[in-house]
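Down below is the structure, laid out as structure tokens.
Sequence positions, counted from 1, serve as the residue numbers for this chain.
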Amino acid sequence: MGPFAKRRAVEGGSSSVFSMFDQTQIQEFKEAFTVIDQNRDGIIDKEDLRDTFAAMGRLNVKNEELDAMMKEASGPINFTVFLNMFGEKLKGADPEDVITGAFKVLDPEGKGTIKKKFLEELLTTQCDRFTPEEIKNMWAAFPPDVGGNVDYKNICYVITHGDAKDQE
């Protein structure tokens with residue numbers, strides 16, 4: 001298979017990735033992509049990843065970690081490639097695992113929590129911005145611990161299963 005055949009196969013496969021998600025999901029992926037594409041050039045590169053981690057307060061990300069993330073893609077990570085990468089991972093995946101997986105990116109040490117301040121900043125400045133009222137309701141439903149950490153596994157469970165209290 002020559003280089004052109006391979007390119008055609010990749011391009012041919014890209015139309016199907018858009019059919020795997022509905023418009024809302026594609027919009028959410030687009031917003032996530034935009035958040036990570038820190039320099040807004042339409043491609044996620046190593047510096048974008050480094051800057052994204054820095055924005056999350058993680059300043060000492062090793063080059064090897066970033067390289068490993070970049071290697072998951074077959075080439076430059078534009079939006080279609082980004083969508084494909086998630087499409088592969090999400091095929092037949094349990095929604096709770098998917099959402100937990102998204103939070104795990106923000107929790108590299110695997111503590112199971114993320115900082116309330118960081119989550120709040122993300123929710124009020126990116127994507128579908130939360131209103132102060134929505135933020136207040138969220139912290140009422142998912143109060144952070146004394147250290148200001150939020151248990152995202154609990155949030156993921158409630159998002160996908162509904163609140164146990166609602167079912168009584």
Side-chain angles (χ1 to χ4, degrees), residues 17 20-21 24-40 43-73 77-79 81-166:
V17 73
M20 285 173 58
F21 303 107
T24 312
Q25 290 170 310
I26 289 175
Q27 186 54 39
E28 285 165 2
F29 279 118
K30 187 75 184 150
E31 288 165 352
F33 180 86
T34 306
V35 169
I36 300 169
D37 181 17
Q38 297 267 329
N39 63 7
R40 302 288 186 265
I43 301 281
I44 293 176
D45 58 27
K46 212 157 102 170
E47 286 313 305
D48 289 327
L49 288 179
R50 188 185 307 282
D51 293 345
T52 301
F53 278 118
M56 297 179 333
R58 190 160 168 242
L59 303 171
N60 53 352
V61 184
K62 293 185 184 68
N63 258 323
E64 300 83 63
E65 278 182 81
L66 296 171
D67 287 334
M69 289 179 199
M70 295 306 297
K71 277 196 196 91
E72 287 192 33
I77 305 174
N78 62 20
F79 181 60
V81 171
F82 181 77
L83 209 52
N84 260 313
M85 291 167 76
F86 279 94
E88 288 308 304
K89 286 184 171 28
L90 299 183
K91 261 188 209 139
D94 170 32
E96 188 179 357
D97 291 344
V98 172
I99 299 168
T100 306
F103 274 105
K104 276 190 180 133
V105 171
L106 309 176
D107 174 33
E109 283 92 51
K111 291 192 283 235
T113 60
I114 53 178
K115 288 278 172 218
K116 168 188 185 237
K117 188 170 174 285
F118 170 63
L119 185 59
E120 192 168 295
E121 187 179 317
L122 211 59
L123 293 173
T124 53
T125 62
Q126 308 289 348
C127 315
D128 297 334
R129 296 188 170 97
F130 274 49
T131 65
E133 181 68 15
E134 287 171 319
I135 290 288
K136 205 177 97 197
N137 293 341
M138 188 170 88
W139 298 141
F142 305 106
D145 67 16
V146 288
N149 298 301
V150 181
D151 176 357
Y152 64 79
K153 290 190 175 123
N154 181 28
I155 296 175
C156 296
Y157 182 83
V158 173
I159 289 172
T160 52
H161 293 83
D163 197 344
K165 290 191 282 290
D166 293 345

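- Salt bridge status for Glu109 with Lys111: present, with a side-chain N to carboxylate O gap under 4.0 Å.
- When all heavy atoms of Gly112 and Asp107 are compared, the closest pair comes out as N-OD2, 2.7 Å.
- Separating the CZ atom in Phe142 from the CG atom in Asp151 is a distance of 9.5 Å, to the nearest 0.5 Å.
- Salt-bridge check for Glu121 with Lys116: failed, with every basic side-chain N at 4.0 Å or more from each acidic carboxylate O.
- Rounded to the nearest 0.5 angstrom, Phe82 CZ and Phe29 CZ are separated by 7.0 Å.
- The shortest side-chain heavy-atom distance between Pro144 and Asn149 does not fall under the 4.5 Å cut-off.
- Residues Thr52 and Ile36 approach most closely at OG1-O, 3.3 Å, considering heavy atoms.
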- Task: Give the intermediate values and the outcome of side chain to side chain contact (heavy atoms under 4.5 Å, CB included) for residues Lys136 and Thr131.
- Result: CA-CA 9 Å; Lys136 205 177 97 197; Thr131 65; over 6 Å; no

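- At least one donor-acceptor pair closer than 3.5 Å links the side chain of Asp48 to the backbone N or O of Asn39.
- In this structure, Glu47 pairs ionically with Arg50, as a charged nitrogen and a carboxylate oxygen lie closer than 4.0 Å.
- Taking the side chain as every heavy atom from C-beta outward, Phe103 and Val150 never approach each other to under 4.5 Å.
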- Query: After noting the C-alpha distance and the side-chain angles of Asn137 and Glu133, does the key distance pass the side chain to side chain contact (heavy atoms under 4.5 Å, CB included) rule?
  - Reply: CA-CA 6 Å; Asn137 293 341; Glu133 181 68 15; 3.8 Å; yes

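- How far CG of Asn60 is from CZ of Phe53: 11.0 Å, rounded to the nearest 0.5 Å.
- Closest of all the heavy-atom pairs between Met85 and Met69 is CE-O, 4.5 Å.
- Rounded to the nearest 0.5 Å, atoms CG (Asn78) and CD1 (Ile43) are 5.0 Å apart.
- Ile135 and Glu120 make their closest contact through CG2-OE1, 3.3 Å (heavy atoms, listed as atom of the first residue, atom of the second, distance).
- The two residues Phe33 and Ile77 make their nearest non-hydrogen contact at CE1-O, 3.7 Å.
- Side chains of Asn63 and Lys46: a donor on one and an acceptor on the other come within 3.5 Å.
- To the nearest 0.5 Å, atoms CG (Leu49) and CG (Leu66) are separated by 6.0 Å.
- Closest approach of Thr113 and Tyr152 over heavy atoms only: N-CE2, 3.5 Å.
- Cation-pi geometry between Lys30 and Phe79 is met: under 6.0 angstrom from the ring centre, within 45 degrees of the axis.
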